[in-house]
Protein chains: 2
Amino acid sequence: MSNAWQEVVLAGTRTGGRIGDRDIVDKVRRAVLMQRLPPGTKLPEVTLGDVFGVSRSVVRKALTRLASEHVVDQRPNQVARVRAPSIAETRETFHARRLVEGEVASLLAGQLAADALTALGAEVEGEARAHARSDEPARIEHSLAIHHLLAEHSPNRVLGAMLTDLVLRTSIVIALYKRRGLASCYLEGDHTALLAALEGGEPEAARRCIHDHLHGLEALLDLRSRETPIDLMAILGSSDAAGQTPG
Amino acid sequence: MSNAWQEVVLAGTRTGGRIGDRDIVDKVRRAVLMQRLPPGTKLPEVTLGDVFGVSRSVVRKALTRLASEHVVDQRPNQVARVRAPSIAETRETFHARRLVEGEVASLLAGQLAADALTALGAEVEGEARAHARSDEPARIEHSLAIHHLLAEHSPNRVLGAMLTDLVLRTSIVIALYKRRGLASCYLEGDHTALLAALEGGEPEAARRCIHDHLHGLEALLDLRSRETPIDLMAILGSSDAAGQTPG
DNA sequence: TTGCCAATCTTTGTATACAATAATTCCGCT
DNA sequence: AGCGGAATTATTGTATACAAAGATTGGCAA
């Protein structure tokens with residue numbers, strides 16, 4: 001059990017500024033996203049409190065927020081754990097994201113200001129270069145930035161917020177279910193095509209780009225229905241939190 | 001101000017069973033929905049704690065959850081207040097709900113089990129009868145039940161949860177922006193047509209029913225842009241405006 | 001050995017005390 | 001009166017203490 005994930009979570013915590021629940025949320029979310037906190041990892045309140053140098057009150061608030069973001073699983077009288085979405089939920093999340101992000105993209109087509117387009121272009125280019133030099137963490141960072149920009153610039157803020165949530169959730173399940181041996185989930189040209197559709201003011205083309213992109217992404221996952229880790233753990237009595245070896 | 005909203009919130013609280021944060025969330029949400037807690041109402045933690053007989057810890061948790069549900073506005077170091085969505089957000093919420101609920105309805109067409117259909121039919125009938133006897137609270141109750149059933153039975157649970165959230169938010173803004181003098185927001189036959197489309201297994205018809213229904217609902221609101229306080233701030237902030245400020 | 005139960009320990013749930021910050025009030029001044 | 005501005009009050013933020021519920025461990029018996 002000597003996981004020592006505490007140090008991982010704390011990586012790069014700026015000393016000096018007082019730590020609030022927001023900082024904890026950001027750090028944990030990021031750690032989960034970067035797959036440094038694998039699903040099922042227990043997150044006891046006192047431990048997190050020690051790591052961040054705050055008391056349980058702050059940690060509890062952070063955990064509640066993380067639970068509402070679907071990042072952790074918080075059950076009464078039990079230790080909070082990093083959530084492990086099931087295969088079914090993964091498919092459903094992709095479906096929902098296609099719907100929402102497709103709509104946002106179609107709304108955005110031809111409506112983006114010049115600076116927004118250049119920012120988007122920079123991220124697309126950055127992603128391509130990161131992929132070229134096989135820097136997967138950086139590539140993921142750029143990819144997230146692209147979709148986060150879409151969410152931010154959505155003229156419909158409600159849809160934008162929903163998209164932010166869905167991007168987070170799909171990122172988590174991608175990390176979870178990525179095919180073994182697959183170095184990257186980069187899809188050549190997808191984002192470039194999207195950018196072109198947005199710049200060219202073609203709503204339906206933009207929507208189609210999003211749909212294709214997300215279908216492609218989903219196809220890169222290993223979604224065969226060996227039943228969900230959660231179910232197994234529940235059945236077995238959840239005595240073991242660490243890695244579940246298949247077969 | 002002697003508002004005495006405390007008694008309103010507590011209406012029908014069963015004594016005996018221990019009160020948890022969930023109970024508070026449900027009660028406050030319901031009170032907001034039923035317009036017994038108007039937007040802007042302050043919800044101090046100690047007061048709520050006294051009302052429900054629990055300490056601030058529990059109340060804080062409940063308020064955090066309500067904030068994540070967009071029911072209350074929680075800003076640092078300030079009293080939580082019942083949220084008052086802007087007109088722009090109202091339009092955006094309706095747009096989002098059309099998108100999501102339309103998709104859910106299309107997924108559900110021809111897929112609902114017999115008992116679900118009868119339950120749905122009962123609610124549709126109940127709504128019609130409540131409208132006939134001008135019992136608006138009961139009518140709202142039935143209408144909520146209809147859409148809640150759709151969300152519950154959604155084969156896509158992610159979309160279902162999103163729909164639940166959007167139904168809540170639209171209900172709040174309907175209560176907020178309903179045209180004065182309008183006794184009810186009942187739209188004759190809308191739900192019946194939806195039920196027929198669902199039963200008949202016509203996905204696109206079901207989606208269209210939802211779209212029409214929500215457009216109709218939105219049209220019943222008074223969404224003229226008497227502008228938000230933000231404009232005032234902008235005027236007072238910029239020095240070049242044609243000065244009507246005295247002295 | 002295996003299974004079960006009790007004791008122990010860990011972890012969360014709740015209440016409360018104190019600190020920090022925003023809102024209010026009241027007073028003196030113009 | 002009208003208007004700052006400081007003292008006061010109200011309210012939230014954080015930490016901590018204790019209670020309650022799970023999880024773990026060890027021993028005992030079949």
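The shown structure was predicted, so the numbers you read here are calculated from the model rather than taken from an experiment. Order of the sequence lines fixes the chain letters, A, B, ..., with proteins taken first and strands second; residue numbering starts at 1 for each chain.
At least one donor-acceptor pair under 3.5 Å links the side chain of B/E92 to the backbone N or O of A/R157. Side-chain atoms of B/R29 do not come within 3.5 Å of backbone N or O of B/L168 as any donor-acceptor pair. Put simply, the side chain of A/T41 never gets that close to the backbone of A/L37: no donor and acceptor are under 3.5 Å apart. Judged by distance alone, the side chain of A/H153 and the main-chain N or O of A/L149 form a donor-acceptor pair under 3.5 Å. With hydrogens and angles disregarded, a donor-acceptor distance shorter than 3.5 Å links the side chain of A/S171 to the backbone of A/V167. Judged purely by atom type and a 3.5 angstrom limit, A/Q74 has no side-chain atom pairing as donor or acceptor with the backbone of A/A67. Checking side-chain atoms of A/T47 against main-chain N and O of A/L43 turns up no donor-acceptor pair under 3.5 Å.
With respect to A/R30 and A/D26, no salt bridge is recorded, no charged nitrogen being found less than 4.0 Å from a carboxylate O. Ionic pairing of A/R98 and A/E218 is present here: one or more N-O contacts between side-chain nitrogen and carboxylate oxygen are shorter than 4.0 angstrom.
The C1' atoms of five pairs define one axis at each end of the helix from C/dT1-D/dA30 to C/dT30-D/dA1, and these two axes lie 10° apart (to 10°).
One can place CZ of B/R60 at 12 Å from C1' of D/dA15, the figure rounded to the nearest angstrom. In this structure, NZ of A/K42 is placed 7 Å from P of C/dT11, rounded to the nearest angstrom. Per the geometry, CG belonging to B/D23 stands 15 Å off C1' belonging to C/dT14, to the nearest Å. Going from atom CG of A/D50 over to atom P of C/dT11 covers 11 Å, rounded to whole Å. B/E45 has its CD atom 14 Å from the C1' atom of C/dA15, to the nearest Å. Atom C1' of nucleotide C/dT10 and atom CG of A/L43 are separated by 16 Å, given to the nearest angstrom. Rounded to an integer number of Å, the gap from A/I19 CD1 to D/dG13 P is 18 Å.
Closest to the side chain of B/S55, from the set C/dT16, D/dT24, D/dT16, is C/dT16. Among the nucleotides D/dA15, C/dT12, C/dA15, the one closest to the side chain of B/V54 is C/dA15. Set against D/dT24, D/dA15, D/dG13, the side chain of A/S57 has D/dA15 as its closest nucleotide.
Residues from residues 61-81 of chain B with heavy atoms under 4.0 angstrom of DNA chain D, sorted by number: B/P76, B/N77, B/Q78, B/V79.
In this structure, A/R56 does not reach the C/dT12 phosphate: none of its side-chain N or O atoms is under 4.0 Å from OP1 or OP2.
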